[in-house]
Participant: 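Take a look at this one; I'll ask things after.
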Amino acid sequence: MSVSDQGATVWLTGLPSAGKTTIAYALAERLRAEGHRVEVLDGDEIREFLSAGLGFSREDRHTNVQRIGFVAELLASNGVKALVPVIAPFADSREAVRTRHAAAATDYLEVHVATPVEVCSERDVKGLYAKQAAGEISGLTGVDDPYEAPESPDLRIESHTQTVQESASALHALLTERGLA
């Protein structure tokens, strides 16, 4: 199997508006240019198509993460780099995905996009922080709903201190170090 045929799941976890999806798409572009097969499993698209009908209770969030983890492992075991920019707020849900990958001997990397909530609320890409502040929504991860940051991720990116390209390059360097890029 050549390097570009080696699949892997790269899970980017972090708060809403942390930069997960932006970094994932920047990395995907670079990997594709190098000849890798890549899919970005965007959390919003997954919720619309694969997890429609799920809410935001702890149980529904766990189910959502497990569904995404299943699809990611399926892709990765078939030679695709599955980039997963999904909040996945609970450590036990992320660990269950890691365990599924380990059982299938599929590479799995956890990346924490560790952007402080104050920066995320300033970015407020989807207007969620403003809606929460106005009392229009509740259960916003990291504000009035828990987020369990990874204790020892494979990589921690502080996207508020570097450019998107620098963040994507740091992640690419990790993939290279692990023999996956």
Side-chain angles (χ1 to χ4, degrees), residues 7-34 36 38-48 56 61 64-65 68-69 71-72 75-76 80-95 97-98 101 107-133 137 139-181:
T9 294
V10 179
W11 199 291
L12 294 92
T13 178
L15 297 174
S17 297
K20 301 175 302 295
T21 303
T22 305
I23 294 166
Y25 278 108
L27 178 61
E29 185 179 325
R30 180 170 177 178
L31 290 171
R32 285 188 187 111
E34 295 172 354
H36 297 275
V38 181
E39 289 295 332
V40 176
L41 300 180
D42 182 283
D44 292 334
E45 291 175 2
I46 295 289
R47 274 219 174 253
E48 183 178 351
F56 292 90
R61 288 177 189 258
N64 185 49
V65 168
I68 297 167
V71 172
L75 288 168
V80 176
K81 304 286 188 300
L83 308 182
V84 186
V86 173
I87 295 169
F90 301 110
D92 60 343
S93 296
R94 295 189 307 267
E95 187 55 35
V97 172
R98 181 184 293 280
H101 280 71
D107 286 298
Y108 176 88
L109 301 173
E110 183 178 72
V111 177
H112 180 207
V113 182
T115 309
V117 68
E118 300 78 22
V119 175
C120 293
S121 76
E122 286 171 19
R123 291 177 179 172
D124 204 9
V125 178
K126 299 171 193 159
L128 298 175
Y129 293 92
K131 288 180 181 175
Q132 190 277 336
I137 64 169
L140 182 59
T141 301
V143 178
D144 60 353
D145 213 44
Y147 175 74
E148 299 169 356
E151 290 183 17
S152 54
D154 295 283
L155 178 66
R156 192 174 315 276
I157 293 174
E158 297 190 7
S159 73
H160 58 293
T161 66
Q162 58 192 25
T163 67
V164 170
Q165 289 309 319
E166 288 168 337
S167 295
S169 290
L171 189 41
H172 188 275
L174 175 65
L175 289 170
T176 301
E177 174 187 306
R178 301 284 173 93
L180 298 168

Participant: Let me have the donor-acceptor pairs involving side chains of residues 18-27, under 3.5 Å, with sequence neighbours excluded, atom names and distances please.
Facilitator:
unit_1, atom_1, unit_2, atom_2, d
Lys20, NZ, Gly14, O, 3.4
Lys20, NZ, Leu15, O, 2.8

Participant: Among residues at least two apart in sequence or on other chains, which ones pass side chain to side chain contact (heavy atoms under 4.5 Å, CB included) with Asp145?
Facilitator: Arg61
Participant: Show every donor-acceptor pair shorter than 3.5 Å between a side-chain atom in residues 87-95 and any protein atom, with sequence neighbours excluded, or say none if there are none.
Facilitator:
unit_1, atom_1, unit_2, atom_2, d
Asp92, OD1, Arg58, NH2, 3.2
Asp92, OD2, Arg58, NH2, 3.4
Ser93, OG, His62, ND1, 2.6
Arg94, NE, Glu110, OE2, 3.0
Arg94, NH1, Ala88, O, 2.6
Arg94, NH1, Glu148, O, 3.1
Arg94, NH2, Glu148, O, 2.6

Participant: Which pairs, with at least one residue in residues 167-181 and sequence neighbours excluded, count as a salt bridge (charged side-chain N to carboxylate O under 4.0 Å, His left out)?
Facilitator: Asp154-Arg178
Participant: Could you tell me which residues satisfy side chain to side chain contact (heavy atoms under 4.5 Å, CB included) with Thr176, sequence neighbours excluded, listed by chain and number?
Facilitator: His172, Ala181
Participant: So, using side-chain hydrogen bond (donor to acceptor under 3.5 Å, both in side chains) as the criterion, who are the partners of Thr161 when residues are at least two apart?
Facilitator: none
Participant: What are the two closest non-hydrogen atoms of Asp124 and Ala130, and how far apart are they?
Facilitator: OD2-N, 3.0 Å
Participant: Which atoms form the tightest heavy-atom contact between Pro16 and Leu128, and what is the distance?
Facilitator: CB-CD1, 4.4 Å
Participant: Please identify each residue that fulfils side chain to side chain contact (heavy atoms under 4.5 Å, CB included) with Glu122, with sequence neighbours left out.
Facilitator: none
Participant: Name all residues meeting the salt bridge (charged side-chain N to carboxylate O under 4.0 Å, His left out) criterion together with Asp44; count only those two or more places apart in sequence or in a different chain, and write none if there are none.
Facilitator: Lys126
Participant: Please list, chain by chain and in numerical order, all residues satisfying side chain to side chain contact (heavy atoms under 4.5 Å, CB included) with Val143, sequence neighbours excluded.
Facilitator: Val117, Tyr129, Gln132, Leu140
Participant: Who passes side-chain hydrogen bond (donor to acceptor under 3.5 Å, both in side chains) against His112, sequence neighbours left out?
Facilitator: Arg156
Participant: Restricting to side-chain hydrogen bond (donor to acceptor under 3.5 Å, both in side chains), what partner residues turn up for Asp42, sequence neighbours left out?
Facilitator: none
Participant: Listed by chain and number, what are the side-chain hydrogen bond (donor to acceptor under 3.5 Å, both in side chains) partners of Thr115, not counting sequence neighbours?
Facilitator: Ser159
